[in-house]
Amino acid sequence: MSKIPDDLVFTEEHEYVQQTDQPGVVTVGITDYAQGELGDVVYVDLPKPGAKFGKMEPFGTIEAVKAVSELFCPVAGEIVEVNDGIEGDPSVINKDPYGGGWMIRLRVKNPKDLDELLSPKDYAAHIGQ
Amino acid sequence: MAVTLKRTPFYDLHVAAGAKMVPFAGYEMPVQYPGGITAEHQVVRRGAGLFDVTHMGEFEITGKDALAFVSYVTSNDPAALAVGQVQYSCFLHESGGIVDDCLVYRFADRMMLVVNASNTAKDWAHVNRYAAKFDCRLVDKSDATALLALQGPRAQAVLQPLAPGVNLDAIGFYHFTEGKVAGVPCVISRTGYTGEDGFELYHANADAVKLWRALVKTGGEVQPVGLGARDSLRLEMAYPLYGNDIDDETTPLEAGLGWIVKLKKGDFVGKASLEAQRARGVERKLVGFVLKERGFPRHGYPVWLGPERSGEVRSGIVSPSLGEPIGTAYLPAASARPGARFEVEIRGKRLAAEAVETPFWKQGSRR
């Protein structure tokens, strides 16, 4: 069973969105299910702070041993911070996807967009769990 | 089209161990266990890993002409084998293209050919096409034979206590003997596809679960390893994978496998084509490369030599042992030498690559 924390919301493409202490800023990464399906992550290509993305626009790529996947921006917004730590040790995405394996912090353009994301219950159903 | 996948006798053990099962060559096979491909790779480089490779095909050839027949359908020279010895070889089309690569075993009373799972049916049809001229009998033993590969520098140390009647030390690299492991009659072959020391254990399906349990129990040291790490381990050694590095359209001379082509032995299927190719020189050669920039070279990505397209990446991975992207590609023969610079196109971006000496991994325990 993949971990699905109660306090997050999700995309159908297996990104999670977590509120931060800063109003209007969220943390984005990939879910435990996604890291399990991908297998060992080898590289992650992330954008620079300041880059802007539309809803479900690819913001980066993740290379695992078996496949490469695009990372999708859950809601429109501007990158305010990227996790530099995962470049040196991408395996943290496999070990701790909801913690040390976070990828970007995003200033959300339209906070209402967050309401359209999947609840933990809906995401669990989405992955057949 | 509904495809019914075959299962090896180890299927339930894989599932119980938490393996991720994938369709491979008509079988449901473990691509990895919960530890992940990188960890499994390191287990084999440093300790001992156990692979289910039952999906490989085994053909047995008996009869007066068994040796002559095998010599006719393979490129290497099985007459050079002593009883108890193994040889890497391949089957060729008349065109010189590779039908499959294989291992040839010489027993006192028979020969055994071990072939790739994905090619078992093709190989079986191919070799039978030439059998009528020879006094020999071919039996496809693939469905009756289970195969485990125990690989890693600790392989002998963990296997020996389970095989008290066999002196493993006396089995040289690419040699084999018949004996019992955990009470199970096996062909014990010091061969593998990893660059590490190790053994391949051919045995009957009925004994498979017993043998696996005995091996993985040994001091808890032996860990199961899936097909994912099998691929990264073999690629670090630049061992060719059929369907990637070699195929029906490539010849052994192009693939750097000239050492398994014995043109001076008697006639064999594909000989005339290879003689002609050798005389005029090959136009392309398989090289190993490293990417000089960060990227993951995958099978099928375009390769560029200056402005010219030069095929595609045949095999590619980020080497778990070396931490750098490695791969193989065919380059025009004039450029196919270590130091040659070319480019690999990854999602529209061309990244610098350099041809290097292989194997990529030079510290294996293989002997």
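By convention in this document, chain letters (A, B, ...) are assigned in the order of the sequence lines, proteins followed by strands, and residues within each chain are numbered from 1.
By the neighbour-count criterion of 12 heavy atoms within 6.0 Å, atom CZ of R294(B) is densely surrounded, having more than that number from other residues, nucleotides or ligands. Heavy-atom contacts from other residues, nucleotides or ligands closer than 6.0 Å to NZ of K52(A) number 12 or fewer. Enclosure of atom CD in E57(A) by more than 12 non-hydrogen atoms of other residues, nucleotides or ligands within 6.0 angstrom is indicated. More than 12 heavy atoms of other residues, nucleotides or ligands shown are found within 6.0 angstrom of CZ on R350(B). Within 6.0 Å of CG in D7(A) there are more than 12 heavy atoms belonging to other residues, nucleotides or ligands. Enclosure of atom NZ in K122(B) by more than 12 non-hydrogen atoms of other residues, nucleotides or ligands within 6.0 angstrom is indicated.
Put simply, CD on E37(A) and NZ on K20(B) are 5.0 Å apart, with the number rounded to the nearest 0.5 Å. Interatomic distance, CG of D40(A) versus CD1 of I37(B), reported as 6.0 Å (0.5 Å rounding).
Scanning residues 312-325 of chain B against chain A with a 4.5 Å non-hydrogen threshold yields I317(B), V318(B), P325(B), sorted by number. Near-neighbour residues of residues 68-105 of chain A relative to chain B, defined by a heavy atom under 4.5 Å from a heavy atom of that chain, comprise V68(A), E87(A).
Residues R347(B) and T61(A) share a closest heavy-atom pair of NH2-OG1, 3.8 Å. Of all heavy-atom pairs between Y43(A) and F296(B), the closest is CE1-N, 4.0 Å. Between R298(B) and K66(A) the shortest heavy-atom distance is NH1-C, 3.4 Å.
A heavy-atom distance below 4.5 Å is not found between the side chains of Q32(B) and V65(A).
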